[in-house]
Q: 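Take a look at the following structure, please.
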Amino acid sequence: MRTPIIAGNWKMFKTIAEATDFAKQLTATKAIEGVEQVICAPFTTLSALAGILQGTPYALGAQNVHFADQGAFTGEISPLMLKEIGVKYVIIGHSERRQYFNETDETVNKKVIAALSHGLLPIVCVGESLAEFESGSTEQVVRTQTEAALNGLTSDQVKQVVIAYEPIWAIGTGKSSTAEDANKTIGYIRGCVERAFGAEAAAAIRIQYGGSVKPDNIEGYLRQSDIDGALVGGASLTVDGFVQLVAGASAARG
Ligand SMILES: O=C[C@H](O)COP(=O)(O)O
């Protein structure tokens, strides 16, 4: 049985003061069990958050990482640096990074390998654009992205990876995929993992849905057979929203 995982992706929101305030409020609420909970925060807030979240049920995530340990890469952050802070998860290949920062399938793969080699757990984002969705290319797109991201990993490494299926047209738009459609695509991704890495890896890997997930629709996603959680942007920015998302996931798994 795969443990559901709810990850909040704060994107480029929250100062250190705001992040600290959020974490103090969150850790003061009664923790919900049975759901893994992750906050993926801006780099500048990670140290402060690590101090507050250490020893709590809430894991810390980053939103990007470079693939090198160190070097002349101005403005970048290495896996070693994240590990030193106490970061557990790192989002890799979010569509906003693919779209605005030239992230490619090749760099995503290098980052996944680098993260795992340093004990960081990747949350790898895949998903199709609106044009690709409308032309019926969703499966082809997610297969290419998934196979490229996991290229060269062992099946034991694949079991540690989280994939987030995020249709780009559903991100921040309020237009979410139906739970049934998301489950179908996620089932297809799991099939791709099985063909490349075997049944055991496919059964173990967790695959989230992301794209306009809210407290009032999360239960529908988590009730699906192949959806193991959610990567949530906007609705994860308030403590109340985040807690309701986790409560919804917990209720769905009942
Ligand atoms: O990483 C999260 C996704 O981009 C979804 O964002 P959203 O929940 O604001 O649509």
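A quick note: this is a predicted structure, and the numbers were derived from the prediction, not measured. Start at 1 and go down the list; that is how both ligands and their atoms are numbered.
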Q: Using non-hydrogen atoms of the residue, decide whether Lys11 is closer than 4.0 angstrom to ligand 1.
A: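 Per 4.0 Å heavy-atom rule, Lys11 contacts ligand 1.
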Q: Are Val126 and Leu150 grouped together when hydrophobic residues (ILVMFWY) are joined by side-chain heavy atoms under 4.5 angstrom apart?
A: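 They do share one cluster, since a chain of ILVMFWY contacts under 4.5 Å joins Val126 to Leu150.
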Q: Checking a contact table here: which protein heavy atom is nearest atom 3 (C) of ligand 1, and how many Å away?
A: Glu166 OE2, 2.9 Å
Q: Between Asp181 and Lys184 (salt bridge meaning N to carboxylate O under 4.0 Å), is one present in this structure?
A: no
Q: Which atoms of ligand 1 are found less than 4.0 Å from any heavy atom of Gly234?
A: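 Those qualifying, in numeric order: 7 (P), 8 (O), 9 (O).
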Q: Number the atoms of ligand 1 from 1 as they appear, then name those within less than 4.0 Å of a heavy atom of Leu231, with their elements.
A: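 So the answer, numbered in order with elements, is 1 (O), 2 (C).
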Q: Which residue owns the protein heavy atom closest to atom 8 (O) of ligand 1, what's the atom, and how far is it?
A: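 Going by distance alone, atom 8 (O) of ligand 1 is nearest to Gly233 N, 2.9 Å.
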Q: Taking Arg190 first and then Asp228, would you say they form a salt bridge - that is, a charged N and a carboxylate O separated by under 4.0 Å?
A: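 Looking at Asp228 together with Arg190, the answer is yes, because their closest N to O distance falls below 4.0 Å.
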Q: With the threshold set at under 4.0 angstrom, would you say Gly211 reaches ligand 1 through any of its heavy atoms?
A: yes
Q: If hydrophobic residues (ILVMFWY) are linked whenever their side-chain heavy atoms come closer than 4.5 Å, directly or via other members, who joins Phe73 in its cluster?
A: none
Q: So, is Thr173 polar-close to ligand 1, with some N/O to N/O distance under 3.5 Å?
A: no
Q: Counting N and O atoms only, with roles assigned by atom type, does the side chain of Gln224 sit under 3.5 Å from a partner on the main chain of Asn183, one being a donor and the other an acceptor?
A: no
Q: Does ligand 1 have an atom under 4.0 Å from some heavy atom of Ser212?
A: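 Flag set, Ser212 near ligand 1.
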Q: Would one find an N or O of Val232, backbone or side chain, under 3.5 Å from an N or O of ligand 1?
A: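 For ligand 1, there is no N or O atom that lies under 3.5 Å from one belonging to Val232.
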Q: Check whether any N or O atom of Glu96, backbone or side chain, sits under 3.5 Å from an N or O atom of ligand 1, and answer yes or no.
A: no
Q: Using a 3.5 Å distance criterion without hydrogens, assess whether the side chain of Lys111 forms a donor-acceptor pair with backbone atoms of Val65.
A: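 Yes, Lys111 side chain to Val65 backbone: donor-acceptor pair under 3.5 Å.
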Q: Nearest protein heavy atom to atom 1 (O) of ligand 1, by residue and atom, and its distance?
A: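 Protein heavy atom at minimum distance: Asn9 ND2, 2.9 Å.
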Q: Would you check whether Ile171 has a nitrogen or oxygen atom less than 3.5 angstrom from a nitrogen or oxygen atom of ligand 1?
A: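 No; the residue has no nitrogen or oxygen that sits under 3.5 Å from a nitrogen or oxygen of the ligand.
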Q: Within a strict 4.5 Å, meaning less than it, do heavy atoms of the Ile163 and Ile189 side chains meet?
A: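 Touching, per the 4.5 Å side-chain cut-off.
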Q: Please check if atom OH in Tyr188 has more than 12 non-hydrogen atoms from other residues, nucleotides or ligands closer than 6.0 Å.
A: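 Atom OH in Tyr188 is crowded, with more than 12 foreign heavy atoms closer than 6.0 Å.
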